[in-house]
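In what follows, every heavy atom counts, from backbone to side chain, and hydrogens, waters and symmetry copies are set aside.
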Amino acid sequence: MKPVLFAAVLFFATLADASGLFTHGPGITDNIPSSDSILYLTLDACDSRPNGYDAKLINFLRKERIPATLFLNLHWIKANSKITLDLAGDTLFKIENHGARHRPASITGKLAYDIKGAKSKKELINDILPNQEKILELTKRKSTWFRSGTAHYEAEAVNEILALGIKIAGFAINADYGAMATASTIEKSIAKAHPGDIILAHMNRPESQTFAGLSKALLKMKAQGYKFEKLPD
């Protein structure tokens with residue numbers, strides 16, 4: 001990632017924290033403790049590029065038999081229903097909920113990256129349940145994990161989500177910074193992973209350097225003895 005982009009990401013994250021939103025905190029799972037050297041790769045498909053699909057990345061994971069949990073936005077699913085069905089039919093992957101609208105989990109309209117969150121509990125629920133229903137319709141499986149757009153949360157929104165019986169997937173490693181990072185930055189980020197860490201990257205921007213960086217990094221981690229698993233139910 002170019003320094004200016006990296007600085008922008010940190011700048012907006014700082015503003016979001018100051019406004020009452022956070023990316024890490026109580027109720028958000030960033031790491032799943034394990035005595036084994038296990039990592040959890042998660043890939044987001046956002047509605048900012050609903051027609052984007054990083055086929056090279058998915059094909060690489062299939063070739064190397066690396067499992068991943070895929071957080072798909074409702075707009076992305078509707079634009080890529082056949083691809084979603086194909087991914088859901090592959091036991092290597094697990095389909096989870098990235099919201100009906102790509103916005104922070106809020107109940108007071110707080111901003112993250114200049115994106116306004118829901119302004120009420122009802123709006124928040126309407127950002128979650130329609131995609132739950134779509135995932136169940138297409139995959140015949142109930143989604144048990146949620147990640148908000150921008151991965152930012154308000155404390156009360158976290159409580160509302162957990163009350164639905166849905167777990168919140170955070171991240172210990174932000175691998176590609178919204179698919180803006182360079183391949184080198186992605187490699188360095190993943191090299192810092194510890195057992196049980198959840199890794200966040202993206203699968204809807206094939207023009208990015210995510211595939212180039214992830215493919216090298218994941219092979220290095222495998223060579224070091226790390227195993228990859230899908231998020232548990």
Side-chain angles (χ1 to χ4, degrees), residues 9-34 39-48 68-77 94-136 141-178 193-194 196-202 230-233:
V9 169
L10 292 182
F11 175 71
F12 282 119
T14 301
L15 287 182
D17 291 342
S19 74
L21 293 175
F22 51 86
T23 55
H24 309 283
I28 299 174
T29 302
D30 295 329
N31 176 285
I32 300 174
S34 172
L39 295 174
Y40 298 92
L41 175 65
T42 67
L43 301 175
D44 288 2
C46 312
D47 69 354
S48 56
T69 304
L70 313 179
F71 284 86
L72 309 184
N73 177 269
L74 180 59
H75 291 169
W76 192 92
I77 290 174
K94 178 185 280 190
I95 308 299
E96 297 291 356
N97 191 344
H98 196 34
R101 297 178 62 181
H102 194 264
R103 57 182 180 175
S106 168
I107 62 170
T108 58
K110 287 184 167 58
L111 295 170
Y113 305 108
D114 280 341
I115 300 172
K116 181 178 288 188
K119 295 180 289 185
S120 67
K121 293 180 181 180
K122 182 178 180 180
E123 277 193 28
L124 173 67
I125 299 306
N126 286 337
D127 275 348
I128 299 171
L129 293 188
N131 204 23
Q132 290 286 104
E133 295 168 2
K134 190 65 175 180
I135 290 171
L136 179 60
R141 177 191 160 271
K142 183 178 179 181
S143 170
T144 58
W145 290 87
F146 174 76
R147 175 179 286 144
S148 72
T150 76
H152 280 75
Y153 302 85
E154 189 174 8
E156 187 58 32
V158 168
N159 294 334
E160 291 294 326
I161 295 166
L162 296 178
L164 295 172
I166 299 171
K167 291 170 285 196
I168 300 174
F171 57 91
I173 302 294
N174 187 351
D176 68 353
Y177 291 93
H194 296 95
D197 278 355
I198 295 176
I199 298 170
L200 166 63
H202 290 77
K230 296 172 286 188
L231 292 178
D233 288 333

(request) State, with a plain yes or no, whether a side-chain heavy atom of T42 is found less than 4.5 Å away from one of F171. (result) no
(message) Do N73 and N131 have side chains that approach each other closer than 4.5 Å (heavy atoms only, starting at C-beta)?
(response) no
(message) Could you check whether any side-chain N or O of E96 sits under 3.5 Å from a backbone N or O of T144, counting only pairs where one atom can act as donor and the other as acceptor?
(response) yes
(request) Examine distances only and state if a side-chain atom of T29 and a backbone atom of G170 form a donor-acceptor pair shorter than 3.5 Å. (result) no
(message) Within the 4.5 Å heavy-atom criterion, are P104 and K110 side-chain neighbours or not?
(response) no
(message) Whether the side chain of D44 engages the backbone of G149 through a donor-acceptor N/O pair (distance < 3.5 Å, no angle test) should be reported.
(response) no
(message) I'd like to know if the side chain of D197 and the backbone of L39 have a donor-acceptor N/O pair within less than 3.5 Å.
(response) no
(request) Looking only at non-hydrogen atoms, find the nearest pair between F22 and A155 and report the distance. (result) CE2-N, 3.6 Å
(request) Please tell me if the side chains of L72 and K134 come closer than 4.5 Å, counting only heavy atoms from C-beta onward. (result) no
(message) Taking side-chain contact (heavy atoms from CB on, under 4.5 Å) as the criterion, tell me which of L164, I161, L162 meets it with F146.
(response) I161
(request) Locate the shortest heavy-atom distance separating N31 from P33; write the atom from each residue and the value. (result) OD1-N, 3.2 Å
(message) Whether E123 and K116 form a salt bridge (side-chain N of Lys/Arg under 4.0 Å from carboxylate O of Asp/Glu) is what I want to check.
(response) no
(message) Minimum heavy-atom separation for S148 and Y153, please, with both atom names.
(response) N-OH, 2.9 Å
(request) Give a yes-or-no answer on whether the side chains of D30 and H24 include a donor-acceptor pair shorter than 3.5 Å. (result) yes
(request) May I ask you to check whether S120 and K122 show a side-chain donor-acceptor distance below 3.5 Å? (result) no
(request) Check whether any side-chain N or O of N97 sits under 3.5 Å from a backbone N or O of I128 as a donor-acceptor pair, and report yes or no. (result) yes
(request) Check whether any side-chain N or O of T150 sits under 3.5 Å from a backbone N or O of A112 as a donor-acceptor pair, and report yes or no. (result) no
(request) Start with the C-alpha gap between Q132 and I166, add the side-chain angles, then the distance that decides, and say whether side chain to side chain contact (heavy atoms under 4.5 Å, CB included) holds. (result) CA-CA 10 Å; Q132 290 286 104; I166 299 171; 3.7 Å; yes
(request) Measure across H102 and I115 and return the closest heavy-atom pair with its distance rounded to 0.1 Å. (result) O-CG2, 3.7 Å
(request) Give a yes or no on whether the backbone of W145 and the side-chain of S143 come within a donor-acceptor separation of less than 3.5 Å. (result) yes
(request) Measure across A118 and D127 and return the closest heavy-atom pair with its distance rounded to 0.1 Å. (result) CB-OD2, 4.1 Å
(message) Under a 3.5 Å distance rule, please check whether R147 uses its side chain to pair with a backbone N or O of A169 as donor and acceptor.
(response) yes
